Structures are given as C-alpha cells and as structure tokens.
Amino acid sequence: MVEAVLLFIAVILLSLTVRTTFGFGDALINMPLLTLFYGLKVAAPLSAMLSSTITLAILILHWRRIDLKSAWRLIVASLAGIPIGLWMLKDINETAMMILLALVLIGTALSRMLHPDRFYLKSASWAFPFGFVAGILGGAYNTNGPPVVVYGSMRRWDADTFRATIQGYTFPVGLTVLLGHYSTGLWTAQVGSMYLTALPVIGAAFLIGNFLHGRLKGRRFHTTLHILLLAMGLALILKAVLSYV
C-alpha cells in the first residue's frame with residue numbers, strides 16, 4: 001500500500017514538473033503509468049484534472065506572455081479540424097498515424113538541434129494549418145499537442161511565451177475534455193479522492209517546475225525542448241510498435 005502511494009506521488013510529481021517547466025509533456029509520462037495501475041477510466045479524467053489545474057496556475061501568473069495572435073488562430077483552426085478527425089477515426093490506421101507523427105517530431109527536433117537558426121516561421125498565420133492538423137489529431141486520437149509544440153518551436157518563442165501560449169491553447173481544450181468526462185460519468189469518488197490526495201504534490205511540482213523554468217532561458221531552453229520532442233517521438237514509435245505486436 002505504501003509503495004503504491006509513493007509510486008503515485010512520484011509519477012504525479014515528475015509529470016507535472018515537466019508540464020510546469022515546458023508547458024506540455026505530462027500526459028506522456030502519467031497516462032501510461034496511471035492507466036497500467038488504475039485503468040483508463042480513472043487515468044483519463046485524473047490526468048485531465050491535474051493538467052487543467054497546472055494550466056490554470058500558469059495562466060494566472062503568466063497570462064501576459066501569451067502570443068494572442070497565435071493562440072486564437074490555433075484554437076479556431078483546431079475546432080475546425082476536430083470534426084474531420086472524428087470522421088477519420090473509423091478509417092485511418094492508428095499505428096501508421098502514430099509513426100508518421102513520431103517521425104515529424106523526431107525530424108523537427110533533429111533539424112532544430114542541428115540547424116537552430118534555420119527553418120523558422122515568421123508569421124502567426126502559420127498557426128492555422130498547424131492548429132488544423134492538431135484538431136484532426138485531437139479528434140481522431142486525442143493527440144492534439146505535438147503540432148502546436150512544433151509550431152511554437154519553429155516560431156522561436158522565448159521560454160515564457162512558449163509556455164504561456166501553449167497553456168492559452170490547451171486550457172479551453174482541457175475544459176472541453178473535463179466536461180466530456182463529467183457528462184459520461186467518469187468523475188467518480190475514486191477519481192475525486194485521488195485528485196485531492198495529489199493537491200500537495202501539484203503545489204510542489206508547480207514550485208519545482210517554475211524554478212527549473214527560470215533556469216532554462218535562451219538557447220538552453222530550446223535545446224532541452226528539442227530533446228523532449230525527440231523523446232516524445234521515440235515514445236510514440238515505441239507505443240505504435242507495442243500496439244502492433
């Protein structure tokens with residue numbers, strides 16, 4: 001029992017520290033492990049609650065750093081893409097799509113690491129196609145984050161703008177997910193109890209993540225960001241291979 005509680009705390013602390021530091025990446029860590037130990041019907045709503053709490057905390061303190069021109073374009077384009085993703089859900093091979101997405105993430109990470117001063121987007125109008133693709137992936141596979149992260153990387157946002165703008169995009173999306181979980185009865189007593197238990201851990205992760213975020217500025221932030229993108233791509237390939245096997 002004690003070991004299970006400690007593992008739960010460690011998973012939440014690590015995942016939310018990553019989320020606070022970079023603005024994304026928590027679900028990549030906590031969803032597989034929470035699903036393994038508690039099942040998808042607990043992991044999905046709990047992960048959404050945790051992410052939304054961290055997102056709201058970041059927005060309250062750093063909303064002025066949001067690139068509003070990009071954020072609203074990403075949101076509108078994603079809303080347009082979600083129905084297409086839902087329509088495509090029945091016909092597209094998920095394994096092939098995950099591998100394609102992984103290759104995009106790995107290619108972006110490597111190109112930005114090897115040639116940091118090339119391949120960048122000057123105009124916020126590029127948010128429309130990236131947001132549209134994010135909406136399609138979100139509707140089909142609940143994976144809308146990677147295209148937005150790639151967009152932010154190629155826009156060369158500084159660390160504060162990157163983190164705040166990602167939250168400005170994900171917060172309304174996260175609220176929609178939370179309402180969906182509530183309407184389908186996933187807000188159970190167990191989920192609520194686990195969320196309340198995690199509140200002190202959320203606070204600790206927020207403090208640690210903000211400290212780390214403050215230390216990652218300029219080129220150091222982007223180098224670490226691209227390493228994380230590379231890890232996400234490799235994790236998606238591993239997930240696709242395991243699902244195929």
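As the structure is a computational prediction, the values presented were derived from the model and not from experiment.
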- [ ] Could you verify whether a donor N or O on one side chain and an acceptor N or O on the other, from S47 and N30, lie under 3.5 Å apart?
- [x] yes
Task: From CG (L216) to CG (L225), nearest 0.5 Å - done: 10.0 Å
Task: Nearest heavy atoms of P147 and V133, plus distance in Å - done: CG-CG1, 4.1 Å
Task: Point-to-point distance, once rounded to the nearest 0.5 Å, from OG1 of T21 to CZ of R215 - done: 12.0 Å
Open item on the list: Taking G131's backbone N and O only, do any of them form a donor-acceptor pair with R73's side chain (distance below 3.5 Å, no angle check)?
Closed with: no
Open item on the list: Classify the ring geometry of F130 against W126: parallel below 30°, tilted from 30° to 60°, perpendicular beyond 60°.
Closed with: perpendicular
Open item on the list: Please determine whether side chain to side chain contact (heavy atoms under 4.5 Å, CB included) holds for the pair T224 and F22, giving the CA-CA distance in whole Å, both sets of side-chain angles, and the decisive distance to 0.1 Å.
Closed with: CA-CA 9 Å; T224 310; F22 297 100; 3.2 Å; yes
Open item on the list: Tell me if the aromatic rings of W157 and F221 count as close, with their centers under 6.0 Å from one another.
Closed with: no
Task: Any donor-acceptor pair under 3.5 Å from T20 side chain to L16 backbone - done: yes
TODO: Output the distance between atom CZ (F171) and atom CG (L178), rounded to the nearest 0.5 Å.
DONE: 8.5 Å
Open item on the list: Any heavy-atom pair between the side chains of T161 and R155 that's under 4.5 Å?
Closed with: no
Open item on the list: Restricting to ring pair (Phe, Tyr, Trp, His ring centres under 6.0 Å), what partner residues turn up for F206, sequence neighbours left out?
Closed with: none
Open item on the list: Is there a side chain to side chain contact (heavy atoms under 4.5 Å, CB included) between T55 and I166? Walk through the geometry before answering.
Closed with: CA-CA 9 Å; T55 298; I166 295 295; over 6 Å; no
TODO: Give a yes or no on whether the backbone of H222 and the side-chain of H226 come within a donor-acceptor separation of less than 3.5 Å.
DONE: yes
TODO: Hey, could you give me each pair passing salt bridge (Lys or Arg N to Asp or Glu O under 4.0 Å) that has a residue in residues 8-24? Not counting sequence neighbours.
DONE: R19-D26
Open item on the list: To the closest 0.5 Å, what do you measure between CZ (R163) and CD1 (I66)?
Closed with: 11.5 Å
Open item on the list: With a 4.5 Å cut-off on side-chain heavy atoms, are L207 and F211 touching?
Closed with: no
Task: Within-4.5 Å side-chain heavy-atom neighbours: L46 and L50 - done: yes
Task: Rounded distance (nearest 0.5 Å) linking atom CG of L68 with atom OG1 of T165 - done: 8.0 Å
TODO: Give a yes or no answer on whether the side chain of S78 reaches the backbone of L74 with a donor-acceptor pair at less than 3.5 Å.
DONE: yes
TODO: Identify the two heavy atoms, one from T17 and one from L13, that lie closest to each other, and give their separation to 0.1 Å.
DONE: OG1-O, 2.6 Å
- [ ] Flag the pair L33 / L7 as yes when at least one side-chain heavy-atom distance between them is below 4.5 Å, and no otherwise.
- [x] no
TODO: Could you pull out the closest heavy-atom pair between A164 and L59, with the gap in Å?
DONE: O-CD2, 3.9 Å
Task: Cluster link I208 to I58, ILVMFWY, side chain under 4.5 Å - done: yes
- [ ] Grab the two heavy atoms, one from S153 and one from F162, that are nearest each other, plus how far apart they are.
- [x] N-CE1, 3.8 Å
TODO: Might you work through the side chain to side chain contact (heavy atoms under 4.5 Å, CB included) test for W187 and M49, ending with a clear yes or no?
DONE: CA-CA 10 Å; W187 284 22; M49 288 178 179; 3.7 Å; yes
Task: Hphob cluster co-occupancy, L196 + L34, side-chain heavy atoms under 4.5 angstrom - done: yes
Task: Spacing of CG belonging to L14 relative to CD1 belonging to I9, to within rounding of 0.5 Å - done: 13.5 Å
Task: Non-hydrogen side-chain atoms of H213 and D160 separated by less than 4.5 Å - done: yes
Task: For the student: nearest non-hydrogen atoms of A127 and A77, plus distance - done: O-CB, 4.3 Å
Open item on the list: Would you say that V191 contacts L186 through its side chain, given a criterion of any heavy-atom pair below 4.5 Å between the two side chains?
Closed with: no
- [ ] Of all the heavy-atom pairs spanning V148 and A134, show the shortest one and how long it is.
- [x] CG2-CB, 3.9 Å
Task: Heavy-atom side-chain contact between V149 and L228 under 4.5 Å - done: no
Task: Heavy-atom check, side chain of L105 versus side chain of V150, under 4.5 Å - done: yes
